[in-house]
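What follows is a short report on a single structure.
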Amino acid sequence: MPYKTAQIRLVSSHPEVYEPCDDSFALVDALLADRTNLLEHKPSICLEVGCGSGYVITSLALMLKEEIPSIYYLATDMNPHAMRVTRETLQAHGVDAELINTDIMSGLEKRLEGLVDVMVVNPPYVPTPEDEVGQAGITSAWAGGEDGRVVIDRILPVADTILSERGWLYLVTLAANNPSQICRSMREKGYASRIVVQRSTEEESLHIIKFWRDPEVRPSLKEASTQNRSAPTRLGESLLSQFSRFSFWKSSNGSGSL
Amino acid sequence: MRLLTHNMLSCNVKGVTNGFPLIIQADKVLEKPAELNHDFLRNMFYKVDWKALVDAAKSMGYSELPESAEASMLESLDFLNRFHHALMELHLEEGALICPETGRKFPVDKGIPNMLLHEDEV
Ligand SMILES: C[S@@+](CC[C@H](N)C(=O)[O-])C[C@H]1O[C@@H](n2cnc3c(N)ncnc32)[C@H](O)[C@@H]1O
């Protein structure tokens, strides 16, 4: 039986590169849980932003490899060491991806507009002082600034640009990021969303959220032009109730779980 | 870095309007055999900028691509083989990508392009 996800003992490492952690595992579990849908989806371009050790992109490639042998995988990270480590992790598992050392999708955004079928992101999401965001070294792997949202809020519009009409985004969020607000703002751009995996550890409560374009979600022109953003669609309501079932998502707001 | 990726990259420096395609400075090119997949190539054909691919392949020492291409050519196995070779099997291992407008060089080290900008370029 071939392995469906990357094996920890084959994942390369470097002191300044984020090691696979609960969030990485939760994201891969979400992809595995959605694997049947992914196979039906038949993506031709898959992308990871912030690939770190390469654990996630390698796992994605492994779990789709047999059924869809030729997918164009791209992975970016702003940390140059992560590039080398990801390359080694991919090689150790016999899979391949194109790597670009860049800030989010800078340099790729224009030409990849509307082409990406699957995008996966485990962003730096921990609430920290603003000046820790994007620093060289390991801090930038988790430092997310105010509410842990600084990098996430830069990634979301990029996702909207590069996702294909049928594109999917899988995003790791922490309760303190206010995931239901993220879903609401994506809804305004016409995206439906669903929690694929929800996981709480002693330190953090994680949601892996999947976003996709849904014509029914697009707010009508009238609604969009008024200030009133509180009239939720049916989908939005059900999503909000998904979150409220996990009562801690709000109460842990700002806990800065490091 | 494959030429498929080169085809997706443009100069990201603030204010640049004609940053595509990046000129290739090929210091070291590798050929790595890859399995040809018809569906994939057909799919990518519509996403690729053909002229950019032809020029990029030339700068990597491969000039077997037709100057222009149209979808009907996808029926030809000979064409698919060439397209596949240029797109998926040629790797820029060492060198640089150069902005056609400003001459800004983006190094490619061990097959990985570095598109990180300096503070005054963002
Ligand atoms: C939480 S780690 C996730 C690493 C890996 N994907 C995983 O799940 O184990 C976040 C990664 O994003 C990268 N990163 C942070 N800010 C970035 C940015 N602006 N552009 C690209 N990558 C970024 C970090 O270097 C780090 O590798």
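Lettering of chains follows the sequences in order, A, B, ..., and the numbering in each one begins at 1.
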Review point. More than 12 foreign heavy atoms under 6.0 Å from CD of Glu101(B): is that the case here?
Key: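 Yes - once you tally the heavy atoms of other residues, nucleotides and ligands closer than 6.0 Å, there are more than 12.
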Point to revise | Crowding at CD, Glu19(A) (>12 non-hydrogen neighbours, <6.0 Å) | key: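 No, CD of Glu19(A) has 12 or fewer neighbouring heavy atoms, counting only those of other groups under 6.0 Å.
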Rounded to the nearest 0.5 Å, how far apart are [atom1] of [X] and [atom2] of [Y]?
X: Lys47(B); Y: Ser164(A); atom1: NZ; atom2: OG; value: 7.0 Å
X: Thr76(A); Y: Ile112(B); atom1: OG1; atom2: CD1; value: 12.0 Å
X: Arg111(A); Y: Phe20(B); atom1: CZ; atom2: CZ; value: 4.0 Å
X: Asn12(B); Y: Asp103(A); atom1: CG; atom2: CG; value: 9.0 Å
X: Leu108(A); Y: Thr5(B); atom1: CG; atom2: OG1; value: 8.0 Å

Practice item. Identify the residues of residues 34-43 of chain B whose heavy atoms come closer than 4.5 Å to a heavy atom of chain A, ordered by number, or report 'none'. Key: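 Residues Asn37(B), Phe40(B), Asn43(B) are the ones that qualify, each having a heavy atom under 4.5 Å from chain A.
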Check your understanding: Can you name the residues of residues 113-122 of chain B that have some heavy atom under 4.5 Å away from a heavy atom in chain A?
Key ->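 If one takes a 4.5 Å heavy-atom cut-off, the residues of residues 113-122 of chain B near chain A are Pro113(B), Asn114(B), Met115(B), Leu116(B), Leu117(B).
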Exercise for review: Side chain from CB out, backbone as N, CA, C, O: work out which of these in Leu22(B) comes under 4.5 Å of a heavy atom of chain A, or both, or neither.
Suggested key: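 Neither the backbone nor the side chain of Leu22(B) comes within 4.5 Å of chain A.
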Exercise for review: Could you look at Asn7(B) and say if it's the side chain, the backbone, both or neither that has a heavy atom under 4.5 Å from chain A?
Suggested key: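 Both parts, heavy atoms under 4.5 Å.
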Exercise for review: Kindly indicate whether the side chain of Met8(B), heavy atoms from C-beta on, has any atom under 4.5 Å from the side chain of Leu115(A).
Suggested key: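 With C-beta onward as the side chain, the pair touches.
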Taking all non-hydrogen atoms of both residues, which atom of [X] and which atom of [Y] are closest, and how far apart?
X: Val16(B); Y: Lys110(A); value: O-NZ, 4.2 Å
X: Ser44(A); Y: Met44(B); value: O-CE, 3.9 Å
X: Lys110(B); Y: Arg87(A); value: O-NH1, 3.6 Å
X: Glu98(A); Y: Arg2(B); value: OE1-N, 2.6 Å

Check your understanding: Which residue out of Leu74(A), Asn101(A), Ile71(A), Ile68(A) racks up the most heavy-atom pairs below 4.5 Å with chain B?
Key ->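 Ranked by contacts with chain B, first place is Asn101(A).
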Check your understanding: Salt bridge or not for Lys32(B) and Asp96(A), using N-O below 4.0 Å?
Key ->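 No salt bridge links Lys32(B) with Asp96(A).
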